[in-house]
Amino acid sequence: MKVTRCQELSPSQAETIVGLTAVSVFCSPGFAGLWRHVGGKAVNWVVEEAGELRAVLPGVEFGAGLWRRFQAMPDGCYGRVFYADTAPDRKRAVVSALSQGLKKAHYAKLYIYDYYDSFGSPGDFAEMNCTTTIVDISSPEWQPPHESVRRGINKAEREGIEVRAINWDRDAAAFVELMRRTERRHGRSVRYPEAFFRSLAELARHDERIKWLWCEHDGEPAASHIYIAEDGAVIYWQGYFDKKFSFLRPNHYMHYTTAKAAAAQGVKYFNLGASPETAEGLKAYKDRWGGSPYSYKCYWSKSLLGRLV
């Protein structure tokens, strides 16, 4: 098998890869392209045999030379290997070849967030356990089981909360300020520049699987949530919130209405996202939605240089 790192694809490769990756927002060319705003470049690791494409692993590279790093996908977003031939023995052969190709690339750091267990355990990389919280919303009668969550939703409705899709042309300045205030409150630096979100808003206009919701109160931004619908689940990816509007309960309301709307379209699961091990309060909040932990592997490696930074 031939394994190739491709930044530019031939027309036939591009057509095949777009078809294979169609179920995934995170691995789509448009989403992978967002990371150019933070110094990344989208690449595809392609496995071919007898001139036929057998599999592809989309990802993003950062840095150059000995400092080059690979993530599938960045920021903990889920990556996966997409197979043209899904027979188990063929998949094992692809993973073996792909693993060797990735090792020969000598990345300073490599991370593959294998939520869908597409990579298996190749043995060529270290493994890290990751956990997210999954809520089964498939029943038409589903409601958050904890009374405090239901009270929050009812409170939002009594307050007359209004939630809509973000309009970047109108809301950009308010969003950027809300995002910066949220990061300052948590003691974090801003992760993404405005250009990243501008491109994401444009992507959301053309891909209905990206749900970017916006809530204001008396003309001030209260909350912004970004959800990704992917492969039978709706995933809470990013959220920003002004605590001044806690009385409005926008986080409760936006989660609930998004989950119910997704369930009405046949989506079975609401993924509330990963929580740091030390974030006991956040994990307790997610448990109140009736969530259960779901564990998956991140495969990683670091060169000697990568271990120093």
Side-chain angles (χ1 to χ4, degrees), residues 1-7 9-10 12-29 31-32 42-61 70-74 76-107 109-134 136 138 209 228-235 266-269 271 274 292-302:
M1 288 186 179
K2 178 183 177 183
V3 180
T4 310
R5 171 196 170 276
C6 298
Q7 191 173 351
L9 299 170
S10 69
S12 62
Q13 284 178 323
E15 182 179 2
T16 302
I17 289 171
V18 167
L20 288 176
T21 62
V23 297
S24 173
V25 174
F26 289 143
C27 296
S28 66
F31 197 87
V43 299
N44 291 279
W45 278 91
V46 174
V47 181
E48 295 175 300
E49 186 177 35
E52 296 290 330
L53 192 148
R54 298 301 183 191
V56 60
L57 172 66
V60 179
E61 286 182 353
F70 176 81
Q71 296 183 43
M73 294 295 289
C77 296
Y78 308 141
R80 65 173 109 174
V81 182
F82 297 89
Y83 297 91
D85 184 345
T86 58
D89 60 330
R90 304 304 298 156
K91 290 175 71 172
R92 285 192 293 270
V94 164
V95 166
S96 177
L98 182 57
S99 298
Q100 292 303 308
L102 289 167
K103 285 182 66 177
K104 291 177 182 177
H106 301 296
Y107 285 115
K109 294 181 181 180
L110 174 147
Y111 294 92
I112 300 170
Y113 290 90
D114 193 23
Y115 179 88
Y116 297 99
D117 194 25
S118 66
F119 203 59
S121 298
D124 295 312
F125 303 101
E127 299 180 8
M128 174 173 60
N129 289 321
C130 301
T131 304
T132 187
T133 302
I134 302 294
D136 187 335
S138 58
R209 297 173 299 175
I228 305 293
E230 179 159 324
D231 220 10
V234 60
I235 303 163
V267 173
K268 294 183 177 181
Y269 301 105
N271 184 335
S292 300
Y294 173 84
S295 296
Y296 58 99
K297 297 290 188 182
C298 171
Y299 298 100
W300 64 274
S301 68
K302 294 181 182 180

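Just so you know, residue 1 is the first one in the sequence shown, and it goes up from there.
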query: Hey, mind stepping through Glu61 and Gln7 against side chain to side chain contact (heavy atoms under 4.5 Å, CB included) and telling me if it holds?
result: CA-CA 10 Å; Glu61 286 182 353; Gln7 191 173 351; 5.9 Å; no
For the aromatic rings, using the six-membered ring if either is Trp, is the centroid distance between [X] and [Y] under 6.0 Å?
{"X": "Tyr299", "Y": "Tyr111", "result": "no"}
{"X": "Tyr107", "Y": "Phe70", "result": "yes"}
{"X": "Phe26", "Y": "Tyr113", "result": "no"}
{"X": "Tyr115", "Y": "Tyr294", "result": "yes"}

Side-chain heavy-atom pair [X], [Y] within 4.5 angstrom cut-off:
{"X": "Val56", "Y": "Leu20", "result": "yes"}
{"X": "Phe119", "Y": "Leu98", "result": "yes"}
{"X": "Met1", "Y": "Val94", "result": "yes"}
{"X": "Val46", "Y": "Ile17", "result": "yes"}
{"X": "Ile235", "Y": "Tyr269", "result": "no"}
{"X": "Asn44", "Y": "Leu57", "result": "no"}
{"X": "Phe125", "Y": "Ser99", "result": "yes"}
{"X": "Arg92", "Y": "Arg90", "result": "no"}

Nearest heavy-atom neighbours spanning [X] and [Y]:
{"X": "Asp114", "Y": "Gly120", "value": "OD2-N, 3.5 Å"}
{"X": "Thr132", "Y": "Ala274", "value": "OG1-N, 3.5 Å"}
{"X": "Glu230", "Y": "Val23", "value": "CG-O, 3.6 Å"}
{"X": "Val25", "Y": "Ala229", "value": "CG2-O, 3.7 Å"}
{"X": "Met73", "Y": "Gly59", "value": "SD-CA, 3.7 Å"}
{"X": "Leu9", "Y": "Cys6", "value": "CD2-CB, 3.6 Å"}

What distance do [X] atom [atom1] and [Y] atom [atom2] have between them, rounded to the nearest 0.5 Å?
{"X": "Lys302", "Y": "Leu110", "atom1": "NZ", "atom2": "CG", "answer": "11.5 Å"}
{"X": "Lys109", "Y": "Ser301", "atom1": "NZ", "atom2": "OG", "answer": "11.0 Å"}
{"X": "Cys77", "Y": "Gln71", "atom1": "SG", "atom2": "CD", "answer": "9.5 Å"}
{"X": "Lys297", "Y": "Ile112", "atom1": "NZ", "atom2": "CD1", "answer": "14.0 Å"}

- prompt: What do the steps show when you test Arg80 against Ser24 for side chain to side chain contact (heavy atoms under 4.5 Å, CB included), and what is the final call?
  reply: CA-CA 9 Å; Arg80 65 173 109 174; Ser24 173; 4.1 Å; yes
message: Walk me through whether Cys27 and Phe82 qualify under side chain to side chain contact (heavy atoms under 4.5 Å, CB included).
response: CA-CA 10 Å; Cys27 296; Phe82 297 89; 3.8 Å; yes
- request: Tell me, with the steps shown, if Asn271 and Tyr78 meet side chain to side chain contact (heavy atoms under 4.5 Å, CB included).
  value: CA-CA 12 Å; Asn271 184 335; Tyr78 308 141; 2.9 Å; yes
- prompt: Any donor-acceptor pair under 3.5 Å linking the side chain of Gln100 with the backbone of Ala97?
  reply: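 Looks like no, no N/O pair under 3.5 Å.
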- prompt: Does a side chain donor of either Ser295 or Asn129 reach within less than 3.5 Å of an acceptor in the other side chain?
  reply: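 No, because no side-chain N or O of Ser295 sits under 3.5 Å from a partner of the opposite role on Asn129.
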- prompt: Glu52 and side-chain contact (heavy atoms from CB on, under 4.5 Å): which partner among Arg54, Glu49, Glu48?
  reply: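 So the option named by the test is Arg54.
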task: Go through the structure and list residues passing side-chain contact (heavy atoms from CB on, under 4.5 Å) with Ala126, not counting sequence neighbours.
output: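 Here the qualifying residues are Trp300.
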query: Salt bridge or not for Asp231 and Lys268, using N-O below 4.0 Å?
result: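 Salt bridge flag = no for Lys268 with Asp231.
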